[in-house]
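One structure is given below, encoded as structure tokens.
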Amino acid sequence: MKIMNKVISLLFILVLCFTLLPVFINKASAKAEETSSGAVVTEYIQHIYDEAGLLSTEDLASLEDMCIEYGEEAGIDFFVLTHNNSNAVDGDKYIENFVDRTDYDNSVILLVDMYHRDVVLQGYGLAETYLHSGRLDDIRYEITDYLTNANYAKAFKIFIEDSAAYMKDDSDLNYDHDYSYDQNGNYTGSYSPETQYNDTTPEDVLTNPIFQLVTSLIIGGIVVGVMVYNSGGKMTTGGQTYLDRNHSGLIGRRDNYIRTTVTRVRKPTQNNKPGGFNAGGFRGGMSIGGHSHSSSRGKF
Amino acid sequence: MVVHYKCPNCGADMAFDSQTGLLRCGSCGRTEKIDKMESENHIHQDESTTFEMDEEDKKASEAAFDNDYTDPSDADEPTSYSTFKENEASEYHCKNCGAILITDALTTATTCSFCGAGVVLGDRLTGALAPAKVIPFTISKEQAQEAFKKWCKKGLLTPRDFMTADRIKNITGLYVPFWLYDVNGRGEAHAVCTRVRTYTMGDWIYTETKYYDVYRKVDLNYLKIPFDASKKMDDKMMDKLEPYQYANLKDFNMPYLAGYIAEKYDYDDTQLLPRVKERVIPYVDSYIHSTISGYHTVNYQNKDIYVRQKHADYTLFPVWMVCYDYKQADHIFAMNGQTGKIVGKPPLSKAKIAAWFTGISAASFLVMQLLTLLFGGGIS
């Protein structure tokens, strides 16, 4: 099993390398352009990915400008992602994948998932320290009403302004980016017995020779027990044998629907647990690509 | 009254022949058709019989449970039953040789221990003691012996020296008294059932549980369930001898017993009723359960089952009793005299049990190891 895990992780890294390669190449070529022309050409980065089509062209342009303007001032990149895709992965994962893909180190990202009505914020790098989950929560509370009322441009504007404002506020920062604690301060990192237990998958138990030996002894016992029990002959007749089918049957039946209950649980994730807490009680997580981030999510 | 069948041809003793189903003279080979012979027993229908509701019927009618059913007394035939008269200590003499027949109080047919003639004690087979039906033997003594030897050899856990089957002490053809019950089972059940559906949407796994209020009411009739009415016979052993083929069920006539041992019942049909209910209630229960389908969970709120005897026939079933002597201990086996099914606890060999146990355990362990090798090795 361990070898299998290793192979899988190796494959994963390979795939990751191939997906990230174009990004590196793009960046490199952009830089080359800069030096060759001699003039300072600002590298164009798209900040608003409005896949859900929530913004007008004017709003889009003004928000892009805002992102560049505030971004220079705050020293981080602002990103706004929207989509209305029913098949998209969960919000937290969606942003993590975005970051893993683009490799923007210092950034704060807002995702509006129109399909699930989810709003998710994550801070990376510098923004993780300044825009920790507590501050992201505050921002989220402020914009949720605007989102609910479909005033998206306004909501995104507030997101950029507030985030930039927090970046200047040096009080009450979160330098602890290890989110292996739950809200009660219990360590849930990789050394915990729980995680170790998770390492032993059911298949490991099945391949355990002692388990197999015990199981085979039980099988042997049951089979021989049944043989002994049946050695004196067994009962071969039952209700069906003597039932008078022509004069038997149901004379009354009802199947009335009463109610429906629905419960839901989160799909178990393998690598990171979104919504982990650090010692200070701040939420955060880690993308598959190894980017640690703060996070806040809610509905609108 | 001793009934003895003498060959009208040569005067020798006649006995029932399981091969032909006829009364046969062992000496000259003359055969007589039994159904054509005059029946000597007359079933007296007792006019004074009244239908009495038993406790459960009363409960059922009070609970208005019976509303959906037809009136039970329409269809029921009360068991023919007249006052039971125990025979005074009368002595029976063999009509052939005049010797005293050794019988106990229950014997209805036997063979004269002196001359070997098959005799039937007619007065113990009349009135309330008259069997209504009989299934004649279809397996002869020799066939029974052969079948038993074959069965011994098949035993997977029996000791090797038992398998030779050469210690049969005696083998007796016995007509065992049974009551064949026609039973009506009624039941109703209320249950809360659920249908569960799980689906994933986004990052969530949803479990949707639909609740249903389910109600079932059944009216079931069971025909001719046999219960042995003999105190001597082990109930469990007799139950395991089933099934009997009812196509061969004949109206009772005394000549069927000629040459075999027969006994009269110890328990009448009302005395066996608790056993009938104990057996039939689970039948009704499982029938109700079988009508509730398409649900993931079934949780019964209440269940009422009433089992009522509609009719019972006193019947004699053919059984070969084999007494086998193994290591100074007698082992009793019973064989269905119609189908040849054998029941009874054979001696078990500890060595063979141990061998099977280790064999099966080792085999399953090997299979598991192999699977581990195949799958574990195949992927990683």
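Convention: sequence-line order gives letters A, B, ...; per-chain numbering from 1.
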Practice task
Select, from A/N256, A/V262, A/N87, the one with the greatest count of heavy-atom pairs under 4.5 Å involving chain B.
Solution key: A/N256
Exercise for the section: Among A/L243, A/V228, A/V224, A/T215, single out the residue with the greatest number of heavy-atom pairs under 4.5 Å to chain B. Expected result: A/L243
Exercise for the section: Determine, stepwise, if the pair B/E242 / A/T241 fulfils side chain to side chain contact (heavy atoms under 4.5 Å, CB included). Expected result: CA-CA 10 Å; B/E242 291 170 34; A/T241 324; over 6 Å; no
Indicate whether any N or O donor in one side chain lies under 3.5 Å from an N or O acceptor in the other, for [X] and [Y].
X	Y	result
B/Y295	A/D255	yes
A/R259	B/Y211	no
B/S364	A/Q212	no
A/Q240	B/Y222	no
A/T236	B/K240	no

Side chain, backbone, both or neither: which part of [X] has an atom under 4.5 Å from a heavy atom of chain A?
X	result
B/I225	both
B/T200	side chain
B/L157	side chain
B/L156	side chain
B/Y287	side chain
B/S286	neither
B/R279	side chain

Handout entry: Side-chain (A/S248) to main-chain (B/N221) donor-acceptor, under 3.5 angstrom
Key =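 The answer is yes, because a donor-acceptor pair under 3.5 Å joins these two groups.
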With chain A, which of [options] has the greatest number of heavy-atom pairs at distances under 4.5 Å?
options	answer
B/K210, B/M201, B/M237	B/K210
B/I360, B/V196, B/D213	B/D213
B/R197, B/K224, B/H190, B/R195	B/K224
B/P282, B/P346, B/G155	B/P346

Could you pull out the closest heavy-atom pair between [X] and [Y], with the gap in Å?
X	Y	answer
B/F365	A/S216	CB-OG, 3.4 Å
B/K345	A/G232	NZ-N, 3.8 Å
B/F357	A/G221	CE1-N, 3.2 Å
A/T237	B/P243	CG2-CB, 3.5 Å

Should we say atom [atom1] of [X] is surrounded by more than 12 heavy atoms from elsewhere, each under 6.0 Å from it?
X	atom1	value
B/H289	NE2	no
B/Y199	OH	yes
B/K236	NZ	no
A/Y146	OH	no

Exercise for the section: Name the orientation class of the two ring planes belonging to B/Y212 and A/Y257 (parallel below 30°, tilted from 30 to 60°, perpendicular beyond 60°). Expected result: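 Perpendicular, since the angle between the ring planes exceeds 60°.
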Considering only heavy atoms, which portion of [X] lies under 4.5 Å from any heavy atom of chain B: side chain, backbone, both, or neither?
X	result
A/V89	neither
A/H247	both
A/Y229	backbone

Problem - Non-hydrogen side-chain atoms of B/Y215 and A/R253 separated by less than 4.5 Å - result: no
Handout entry: Rounded distance (nearest 0.5 Å) linking atom CD1 of A/I251 with atom CG of B/D219
Key =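 Between atom CD1 of A/I251 and atom CG of B/D219 there are 5.0 Å.
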Practice task
Decide yes or no on side chain to side chain contact (heavy atoms under 4.5 Å, CB included) for B/R216 and A/L250, but give the supporting numbers first.
Solution key: CA-CA 7 Å; B/R216 294 285 186 275; A/L250 267 178; 3.7 Å; yes
